Every structure is written in C-alpha cells, then in structure tokens.
Novice: 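Dropping the structure in here first, questions after.
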Amino acid sequence: LLFVFSRQVTEKRLVEEQNRREMEVDVECNQVIHRDVDIPNCQEIKSGDCHRRYYFLLPDILCQSLRSVLESARTGIYDEAGAHYEGVNINGSGNEDVDGLEARGPRQLNTNSLKEIGTLPMVFAVHCLGCDAMTMSNFLPYANSRNMIVVLPEGLHNSFNAKYCCGYALQNGIDDFNFFSLIQSEMSAEFEFVNPNVSYAVGWSNGGYMVTHAATLFRAVSPISGYSYTIDSPMGQFGGDWKGNNGDGGSGGKGIFLHHSLNDQFVQSTGCCHDPTMPRCCCSIAADTCLGVIQAMNNWAIEVNRCQIQNYAGEAYMNNTTTQTTTSQVKTEISFSDEDKGITCMTATGESCVANTTLCLHEHSGHFNSPAFAKAFPMAEIVIDFFARDACEINNGQWDEAAYSCKCNDDITYSGLYCLDLIPTESKNLSGDKIRSQIDQFDNLARVESESKTSQSKKLVMCFIISIAIILLFALFLRKRRRLFKQNGSKKDESEFQETQELVATCRRSDGM
C-alpha cells in the first residue's frame with residue numbers, strides 16, 4: 001500500500017509539472033510570437049478580412065529569476081539595446097519573411113516572478129502602407145531594455161483604415177480600430193502583466209494616421225510622417241470616456257510626440273487636402289482643408305491636453321470653443337535640438353497642460369524611407385523613453401533615463417517595475433536596502449524550498465524502501481509457510497504408507513492361516 005501511495009504522489013507531481021510546461025510552451029521571451037484572431041461580429045464585406053494576425057515580443061526580464069529581477073531593479077543594469085534579435089533585421093529594411101524569424105535563445109516565461117514585475121507598458125508599433133509588421137522592428141531592442149511589451153499589428157494587404165489613409169483597408173472600410181481594441185483584450189486575457197489602460201502606440205506614415213485615428217485606445221501616441229487632420233470625439237474639448245480619464249469627469253489628457261520632415265514629399269508638412277493650390281500628397285490622401293503639422297500640434301495641445309492659448313495681445317486664457325483659428329496658439333519652448341541632424345523639437349508649456357504635447361521637425365529626412373525606416377528615423381529610442389516615462393509617472397514614479405528604470409514614490413503603496421500595481425501599506429516598493437533585504441529573503445526561501453524538496457525526496461525513497469521490505473518479508477513468510485506445509489504433508493503421507501504396509505502384511509498372515 002505504501003508503495004502504491006508513493007507512486008501516486010510521484011505521478012501527480014509529474015502531471016502537475018507537465019501541465020505547467022504545456023501552459024508555458026507558447027510563451028517565450030526574446031522571440032517574436034504571432035497570434036491569429038477572428039474579429040467577433042465582423043461586418044467586413046469579405047469573410048477572409050475577419051481573420052487577422054498580430055505579432056508581439058515579451059521583454060527578457062519576464063524570463064529571468066526573481067533574484068535577477070530584483071538585482072536589475074537595484075542596479076539598473078540591462079543588456080545593451082540590440083544585443084539580441086538575430087533573426088530580425090534591426091538596421092535594414094525590416095521586410096524579411098516574418099514566419100522565418102526566430103530570435104536567439106528564446107526562454108520560457110518565469111511565472112514565479114510576475115508578481116514582483118507587475119504590470120508592464122505595452123507599445124503598438126504600426127507599419128506604413130505597403131510594409132509588413134517587421135518594418136517597425138527597430139523599436140524592439142529599446143522596448144526590451146526598458147521592460148516593455150511590443151505589439152506589431154499586421155494590416156490587411158499591408159494597409160490600415162485610418163480615415164484619411166490608406167490603400168485596401170481604407171477602400172474597403174476595414175474596422176482596424178476594432179482590430180486594435182481586440183488585440184488589447186486578447187493580450188490582457190492571455191497575460192496577467194498586461195493592462196490595456198497602459199497601452200501606447202507609435203506609427204509611421206499610414207501607421208501614423210492610424211495611431212492618431214485610434215488614439216482613444218492609448219495613453220499616448222507618436223505619429224511619424226502622418227497624422228489625423230481632425231481631433232475626433234470623444235477626445236476633443238476635454239470630454240468623453242476614454243482611457244486616461246483622470247476620474248474628475250473630464251479628460252486626463254493624452255500625450256503626443258509628433259515627428260515630421262519639412263521636405264516630406266509623400267505627406268506634406270503643410271497638410272494634405274483637395275486645395276489645388278497646395279502641394280499634393282501621395283496615395284490619394286486629401287482632407288477638406290489643409291492642416292499643417294504645426295497647427296495640428298497646437299490644436300492637440302489646446303483641445304486634448306488643456307493647454308492655455310494666447311491672443312495677439314499675449315493674454316493667456318482657456319479655450320472654451322470648438323473652433324480653432326491661427327490666432328489661437330499655445331506657448332512652446334525648444335525641448336530638444338540637434339543641428340547636425342537638423343532636428344528641432346518644441347513642447348507646449350503652461351501649468352494648465354495635463355499631458356505632454358511635443359512636435360519634432362526634421363529638416364531633411366524626407367519620408368524616413370531612405371534607405372529604410374529603421375536607418376532613416378533617428379529617434380526610435382527617444383520615442384520609447386517618452387512612453388516609458390509616461391507609464392512611470394502614472395503613480396508619481398521617477399523615471400531614471402540612465403538606468404532605464406522607474407523608482408516608486410515611497411509615500412505611495414505601488415509596486416512593480418513601473419509602480420503600476422497597488423499593494424498593502426506594509427509592502428511598499430523595493431528600493432535600496434529593502435531590495436537587498438528582499439534578495440536575502442528570497443535566498444532563504446529558495447534554500448528552505450530546496451531543503452523541503454530534498455526532505456520530500458528522502459521521504460519518498462524511505463517509503464519505497466519500506467514498501468519493498470514489507471513485500472520481501474511477506475514473500476519470505478509465504479515461502480516458509482509453504483515449506484512447512486510440504487513438510488507436514490510429507491510426514492502424513494509416510495505414516496499412511498506404513499499403515500497400508502502393516503494392513504497388507506496382516507492380510508497375508510490371515511490367508512496363510
């Protein structure tokens with residue numbers, strides 16, 4: 001019985017381990033993974049357009065041990081950006097066969113560390129018209145080093161429907177907004193460290209139009225060489241229920257980090273419209289009126305991020321109307337400048353601004369497509385930092401640019417690498433000595449767990465030995481009993497034989513007489 005019991009315990013542990021491995025088999029870090037989804041209640045004309053695909057990459061830290069996570073949080077030491085992803089052309093065109101991509105050394109998700117890592121920001125990187133998902137792969141290493149998840153949606157026929165742009169998706173009225181929303185739901189359902197409310201998006205060209213068109217799904221967006229010419233409800237005029245609501249009944253603002261080149265011939269910096277006197281844009285992009293990128297930035301600062309505007313007399317006042325004119329301008333300051341690369345960035349200023357509004361003008365970068373987007377666009381890392389800082393500051397954390405890490409405010413009970421997870425007061429965020437103490441506690445727990453496992457193994461071995469001993473003793477007992485039975489049976493047979501012999505002899509004597 002003991003033998004059977006010990007065997008059942010061992011088999012149960014093996015089954016549990018196998019189930020755990022099966023749950024993790026499709027979850028790996030440092031590897032581009034794809035998912036295929038069917039759009040619920042799809043209204044597309046062609047049924048095949050209801051079947052969509054997206055790719056994503058989980059940061060390396062999700063596959064590290066708890067000790068490594070704590071050490072990384074303490075030291076801020078991570079792999080150098082671009083150290084991995086051998087299968088992804090980071091510096092090339094990014095147009096490789098996605099199905100053939102396989103990053104170096106994929107590792108299984110370490111589920112024991114998820115609680116300490118907490119919620120991680122998720123970044124959508126949206127490709128251009130005629131491009132594929134991996135065109136945006138230049139953002140992968142920077143997001144990985146900052147412990148962010150990257151999602152790469154794949155457009156139908158390499159296009160997205162972004163109201164003004166472009167291609168097959170626009171012509172057929174594809175609901176890409178719903179597709180992006182579904183991705184957020186799917187990722188959140190699959191991974192406990194994903195929260196759709198901490199999502200960001202960067203897009204190039206058609207992708208730039210798309211991320212501004214779908215901006216209500218994200219906390220902040222970074223459109224590159226493409227932007228919406230109107231601010232759709234519910235974002236305009238501070239109202240509406242959208243992700244980023246600050247809980248006071250109005251909009252909490254939405255960060256935007258625009259990038260545009262002054263000599264872009266595909267998407268003009270002066271806007272794309274039907275006006276025959278204005279420069280034309282590619283791909284039949286045309287709005288009713290031309291809205292230049294500077295005015296688009298200004299409108300966003302006013303209508304979405306509540307920045308004050310000034311009249312010509314310089315008097316500051318809050319805008320309370322939906323109609324914007326060129327006389328309504330926000331204050332700006334130069335926030336970044338690189339004369340060698342011809343880049344100047346301006347940021348809307350003022351105490352009333354509730355989110356960051358920044359526009360970077362590039363003098364001679366064209367459409368960022370020569371020789372390829374990954375090489376032509378010089379600010380991929382800065383875009384990722386823009387998102388990381390915003391995520392860190394949600395609960396008043398402090399972003400460390402040098403260490404790529406977020407330090408939680410000791411006065412607020414939030415934990416996780418981005419201080420996004422509420423915890424009990426007695427369990428404040430780890431920092432300094434607390435982290436070292438936690439590492440020591442982890443070592444002790446690991447040692448206790450190891451000793452416990454060793455003790456369990458010893459018990460199983462003892463149970464096995466005892467079971468074998470009992471079986472052997474029982475076998476010996478049966479063998480001895482069988483021998484005794486044989487001996488008694490032999491003596492009885494001999495006695496009966498003698499009696500028979502005596503009876504025969506007696507009979508013979510009687511016959512003789």
Side-chain angles (χ1 to χ4, degrees), residues 22-42 50-63 85 88 98 101 103 106-111 113-127 132-134 136-137 139-140 142-144 146-156 160 175-203 207 210-211 213-222 242-244 383-384 387-388 390-391 394 416-418 420-421:
E22 288 178 354
M23 290 177 62
E24 296 177 355
V25 70
D26 223 8
V27 182
E28 296 177 335
C29 303
N30 197 29
Q31 184 177 31
V32 177
I33 304 169
H34 79 268
R35 293 285 186 268
D36 294 316
V37 294
D38 290 313
I39 307 296
N41 303 315
C42 183
C50 297
H51 186 71
R52 305 297 298 271
R53 171 171 287 193
Y54 65 93
Y55 300 82
F56 64 90
L57 186 136
L58 303 179
D60 286 346
I61 201 164
L62 288 169
C63 291
Y85 317 106
V88 181
V98 176
L101 292 177
R107 292 170 292 166
Q108 294 293 338
L109 183 69
N110 183 2
T111 55
S113 302
L114 297 185
K115 185 176 181 180
E116 286 70 23
I117 291 173
T119 302
L120 297 180
M122 179 167 61
V123 178
F124 280 55
V126 188
H127 64 75
D132 63 23
M134 294 313 302
M136 308 300 286
S137 61
F139 292 96
L140 296 180
Y142 304 118
N144 177 65
R146 288 148 182 83
N147 306 314
M148 305 175 84
I149 303 152
V150 179
V151 173
L152 305 166
E154 187 89 291
L156 285 176
F160 295 99
D175 190 355
D176 282 308
F177 184 100
N178 188 33
F179 174 42
F180 281 22
S181 179
L182 177 63
I183 293 175
Q184 290 179 323
S185 299
E186 290 287 321
M187 291 291 290
S188 177
E190 185 172 359
F191 302 113
E192 62 181 279
F193 47 82
V194 172
N195 182 346
N197 292 324
V198 195
S199 298
Y200 300 87
V202 55
M210 187 64 212
V211 300
H213 174 60
T216 53
L217 297 174
F218 306 105
R219 276 191 56 86
V221 295
S222 181
W242 54 284
K243 294 174 182 179
V383 168
I384 293 298
F387 295 149
D390 179 86
I394 290 175
L417 298 184
Y418 276 87
L420 294 171
D421 301 274

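None of the values given here were measured: they were computed from a predicted structure. The residues of the chain are indexed from 1 along the displayed sequence. Just the heavy atoms: all of them, side chains too, but no hydrogens, waters or symmetry mates, feed the values below.
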Novice: If I take atom CD from residue Glu190 and atom OG from residue Ser185, how far apart are they, to the nearest 0.5 angstrom?
Specialist: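 Output value for this atom pair is 12.5 Å.
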Novice: Mind checking what makes side-chain hydrogen bond (donor to acceptor under 3.5 Å, both in side chains) contact with Asn41, not counting sequence neighbours?
Specialist: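 Checked Asn41 against side-chain hydrogen bond (donor to acceptor under 3.5 Å, both in side chains); zero matches.
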Novice: I need the Phe124 CZ to Met136 CE distance, nearest 0.5 Å.
Specialist: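 Phe124 CZ to Met136 CE: 13.0 Å, rounded to 0.5 Å.
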Novice: Would you compute the distance between atom CG of Leu420 and atom CG of Asn195 and round it to the nearest 0.5 angstrom?
Specialist: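 Going from CG on Leu420 over to CG on Asn195, the span is 8.0 Å.
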Novice: So, for Val211 and Gly203, which heavy atoms are closest and what is the spacing to 0.1 Å?
Specialist: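 For Val211 and Gly203, the tightest heavy-atom pair comes out as CG1-N, 3.9 Å.
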Novice: Check whether Gln184 reaches the backbone of Leu217 with its side chain - one donor and one acceptor, N or O, closer than 3.5 Å.
Specialist: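 Yes.
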Novice: Can you tell which of Leu182, Asp176, Asp38, Asn178 makes a side-chain contact (heavy atoms from CB on, under 4.5 Å) with Arg52?
Specialist: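 Only one of Leu182, Asp176, Asp38, Asn178 forms a side-chain contact (heavy atoms from CB on, under 4.5 Å) with Arg52, namely Asp176.
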Novice: Once salt bridge (Lys or Arg N to Asp or Glu O under 4.0 Å) is applied, do any residues pair with Asp421, and if so which ones, sequence neighbours excluded?
Specialist: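 Asp421 satisfies salt bridge (Lys or Arg N to Asp or Glu O under 4.0 Å) with no other residue.
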Novice: Of the non-hydrogen atoms in Val151 and Met187, which two are nearest, and what is the gap between them?
Specialist: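 Shortest heavy-atom contact: CG2-CE, 4.3 Å.
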Novice: Report the residues that fulfil ring pair (Phe, Tyr, Trp, His ring centres under 6.0 Å) with Tyr418, sequence neighbours left out, ordered by chain and then residue number.
Specialist: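 Once residues adjacent in sequence are excluded, the partners of Tyr418 under the ring pair (Phe, Tyr, Trp, His ring centres under 6.0 Å) criterion are Trp399.
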Novice: Could you work out, with side-chain contact (heavy atoms from CB on, under 4.5 Å) as the rule, every residue matching Asp36, not counting sequence neighbours?
Specialist: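 Checked Asp36 against side-chain contact (heavy atoms from CB on, under 4.5 Å); matches are His34, His51, Arg53.
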Novice: Quick one: pull up CD1 in Ile117 and CZ in Phe193 and give me the separation to the nearest 0.5 Å.
Specialist: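 Between atom CD1 of Ile117 and atom CZ of Phe193 there are 8.0 Å.
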Novice: Could you work out, with ring pair (Phe, Tyr, Trp, His ring centres under 6.0 Å) as the rule, every residue matching His127, not counting sequence neighbours?
Specialist: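 With neighbours one apart ignored, the set is Phe160.
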Novice: Can you give me the closest heavy-atom contact between Ile149 and Leu58, atom names plus distance?
Specialist: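 Looks like CG2-CD2, 4.1 Å.
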Novice: With sequence neighbours excluded, what pairs up with Ser188 under the side-chain contact (heavy atoms from CB on, under 4.5 Å) test?
Specialist: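 Here the qualifying residues are Val194, Pro196.
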Novice: For a quick test of reading the model, state the closest non-hydrogen atom pair linking Ala143 to Val150 and the distance between them.
Specialist: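 For Ala143 and Val150, the tightest heavy-atom pair comes out as CB-CG2, 3.2 Å.
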Novice: To the nearest 0.5 Å, what is the distance between CD on Glu154 and CZ on Arg35?
Specialist: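 So the gap between those two atoms works out to 15.5 Å.
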Novice: What is the minimum heavy-atom distance between Met148 and Phe387, and which atoms define it?
Specialist: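 Where Met148 meets Phe387 most closely, the heavy atoms are CE-CB, 3.8 Å.
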Novice: To check you understand the geometry: which heavy-atom pair defines the closest contact between Pro153 and Ile183, and what is its length?
Specialist: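 Looking at all heavy atoms of both residues, the shortest contact is CB-CD1, 4.1 Å.
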Novice: Taking the inter-plane angle between the rings of Phe180 and Phe218 on a 0 to 90° scale, is it parallel (under 30°), tilted (30 to 60°) or perpendicular (over 60°)?
Specialist: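 If you compare the ring of Phe180 with that of Phe218, the planes turn out perpendicular.
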Novice: Using the ring of each side chain (for Trp, its six-membered ring), is Phe56 parallel, tilted or perpendicular to Tyr54, with breaks at 30° and 60°?
Specialist: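 Ring orientation of Phe56 relative to Tyr54: tilted.
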Novice: Quickly, which of Val123, Leu57, Asn144, Val383 forms a side-chain contact (heavy atoms from CB on, under 4.5 Å) with Phe139? Name it, please.
Specialist: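 Among Val123, Leu57, Asn144, Val383, the one that satisfies the side-chain contact (heavy atoms from CB on, under 4.5 Å) with Phe139 is Val383.
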Novice: Looking at residues at least two apart in the chain, or sitting in another chain, which of them share a side-chain hydrogen bond (donor to acceptor under 3.5 Å, both in side chains) with Asp390?
Specialist: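 Per chain and number, Asp390 pairs via side-chain hydrogen bond (donor to acceptor under 3.5 Å, both in side chains) with Tyr200, Arg219.
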Novice: What's the separation between atom OH in Tyr55 and atom CG in Asp132, rounded to the nearest 0.5 Å?
Specialist: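 CG of Asp132 is found 8.0 Å from OH of Tyr55.
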